Protein chains: 2
Amino acid sequence: MSELKLTASLEDYLEAVYEIIEEKQGVRASGISQRLGVARSSVTEALKLLAAKGYINYGRYDVISLTDLGEKKAKAISEKHKTLYGFLSKILGVEDKEANLTACKIEHVISDEVNDKLINFIKQYEKERSKKVSK
Amino acid sequence: MSELKLTASLEDYLEAVYEIIEEKQGVRASGISQRLGVARSSVTEALKLLAAKGYINYGRYDVISLTDLGEKKAKAISEKHKTLYGFLSKILGVEDKEANLTACKIEHVISDEVNDKLINFIKQYEKERSKKVSK
DNA sequence: TAATATAGTTAGACTATACTAACTTTATTA
DNA sequence: TAATAAAGTTAGTATAGTCTAACTATATTA
């Protein structure tokens with residue numbers, strides 16, 4: 001089963017699978033390839049690994065779907081991305097594209113706990129901010 | 001000269017060189033090895049690369065020192081680490097050890113610009129915070 | 001339905017990083 | 001100063017990730 005933990009790279013593939021499923025009906029290797037800007041063969045490799053680790057259902061030339069584990073994990077990564085993007089763009093004022101690129105990298109290196117603390121901080125900060133503006 | 005840009009891994013080695021020089025008189029491969037928890041042979045490889053890219057002065061069995069470029073770069077990384085650590089621990093309330101580990105990873109993926117914006121945000125935030133407390 | 005286009009896979013090469021084991025150089029000390 | 005210990009290096013192996021080129025399967029359409 002080749003170790004369950006995911007590398008940053010595999011997390012990117014998993015996230016792409018999740019997001020494309022959200023946007024369209026299903027996922028295809030070519031879509032992942034385009035979204036991530038990598039060769040189709042790299043996608044095949046990544047899908048094999050994700051399947052071996054239990055994150056997706058997948059076999060040669062077959063349909064790709066998320067397992068429960070995969071869905072949970074992908075949601076968690078996607079959440080982190082949103083939190084980070086929001087903080088970077090809305091609070092720090094980082095330009096859109098860079099905020100996105102930066103969030104894409106940080107999302108793989110923060111724990112769930114740090115993400116939760118950041119979410120709470122943002123909520124708190126925006127509450128106080130709105131009070132101040134309206135007074 | 002093998003490309004000037006540094007990977008996250010090489011940035012870690014460079015940072016270690018810089019910090020050890022700050023703390024003691026000089027650096028030795030063994031000290032870097034201990035600090036980063038990697039084999040001595042890995043340090044040798046990394047030092048060769050850092051020298052080839054112009055960040056350190058170094059030759060076989062010789063003393064290690066930072067070039068101007070290396071010093072500048074190391075300081076920049078170290079700065080980012082401090083900013084991130086401060087934000088994570090003081091503002092988000094992340095526990096010491098995790099704040100440090102997380103900062104160690106994020107420091108390689110944020111631009112100077114994002115770092116500057118974060119520094120300004122922290123200053124601003126702490127100013128307002130102190131006003132509120134003292135009123 | 002046969003020809004062709006598209007999608008997907010495999011094989012082989014390459015880069016980066018790190019490891020262990022063996023070897024060399026430098027430093028210490030008996 | 002010769003023997004030994006410590007530090008540093010090299011060689012060879014392994015893993016992860018990516019690529020290109022060639023091949024196979026599936027889908028489209030004339």
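Throughout, protein chains are lettered first and strands after them, A, B, ... in sequence-line order, and every chain is numbered starting at 1. Not measured: the values here are computed from a predicted model.
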**Student:** Run the ring pair (Phe, Tyr, Trp, His ring centres under 6.0 Å) check on A/Phe87 and B/Phe87 step by step: do they pass?
**Tutor:** CA-CA 13 Å; A/Phe87 177 72; B/Phe87 177 72; 5.2 Å; yes
**Student:** We want to know whether A/Ser78 and A/Glu15 form a side-chain donor-acceptor pair, criterion being a heavy-atom distance below 3.5 angstrom.
**Tutor:**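 There is no such pair between these side chains.
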**Student:** Mind checking A/Gly31 for me? I need base, sugar-phosphate or nothing, with any heavy atom below 4.0 Å counting as a touch.
**Tutor:**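 Nothing: the residue A/Gly31, judged by heavy atoms under 4.0 Å, touches no strand.
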**Student:** Do any side-chain nitrogens or oxygens of B/Lys48 fall under 4.0 Å of OP1 or OP2 in D/dT10?
**Tutor:**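 Yes, because at least one side-chain N or O of B/Lys48 sits under 4.0 Å from OP1 or OP2 of D/dT10.
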**Student:** Between the base of C/dT6 and the side chain of A/Ser30, is there a donor and acceptor pair under 3.5 angstrom?
**Tutor:**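 By the distance-only test, no, there is no pair.
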**Student:** Hey, does the side chain of B/Arg28 come within less than 4.0 Å of D/dG8's phosphate (OP1/OP2), counting only N and O?
**Tutor:**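 Yes, within the criterion.
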**Student:** Have a look at A/Ser9 and say if it touches a base, only the backbone sugar-phosphate, or nothing, with a 4.0 Å heavy-atom cut-off.
**Tutor:**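 Sugar-phosphate: the residue A/Ser9, judged by heavy atoms under 4.0 Å, touches backbone atoms but no base.
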**Student:** Nearest-nucleotide wise, let me know which of A/Arg60 and B/Tyr61 is further upstream toward the 5' end of DNA chain C.
**Tutor:**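 The residue mapped nearer the 5' terminus is A/Arg60.
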**Student:** Look at all strands and tell whether A/Ala29 reaches a base, only sugar-phosphate, or nothing, counting heavy atoms closer than 4.0 Å.
**Tutor:**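 Result for A/Ala29 = sugar-phosphate.
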**Student:** Using 30° and 60° as the class limits, which term best fits the ring planes of A/Tyr125 and B/Tyr125: parallel, tilted or perpendicular?
**Tutor:**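 Plane angle between 30° and 60°, so tilted.
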**Student:** Between A/Ala8 and B/Val27, who's closer to the 5' end of DNA chain D by nearest nucleotide?
**Tutor:**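 Nearest nucleotide further toward 5': that of B/Val27.
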**Student:** Any side-chain N or O of A/Tyr58 under 4.0 Å from OP1/OP2 of C/dT9?
**Tutor:**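 Looking at the OP1 and OP2 atoms of C/dT9, one of them is under 4.0 Å from a side-chain N or O of A/Tyr58.
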**Student:** Under 4.0 Å from OP1 or OP2 of C/dA18: is there any side-chain N or O of B/Tyr13 that close?
**Tutor:**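 It does, given that an N or O in the side chain of B/Tyr13 lies less than 4.0 Å from OP1 or OP2 of C/dA18.
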**Student:** Quiz question: going by heavy-atom distance under 3.5 Å, is there a donor-acceptor pair between the base of C/dT20 and the side chain of B/Ser41?
**Tutor:**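 Present.
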**Student:** Whole angstroms only, please: what is the CD-C1' distance between B/Glu45 and C/dC19?
**Tutor:**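 It is 11 Å, rounded to the nearest whole Å.
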**Student:** Given D/dC19, is OP1 or OP2 found less than 4.0 Å from the side-chain N or O atoms of A/Ser42?
**Tutor:**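 It does, given that an N or O in the side chain of A/Ser42 lies less than 4.0 Å from OP1 or OP2 of D/dC19.
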**Student:** Going by atom types alone, do A/Asn57 and A/Ser65 pair a side-chain donor with an acceptor below 3.5 Å?
**Tutor:**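 Side-chain D/A pair, A/Asn57 to A/Ser65: present.
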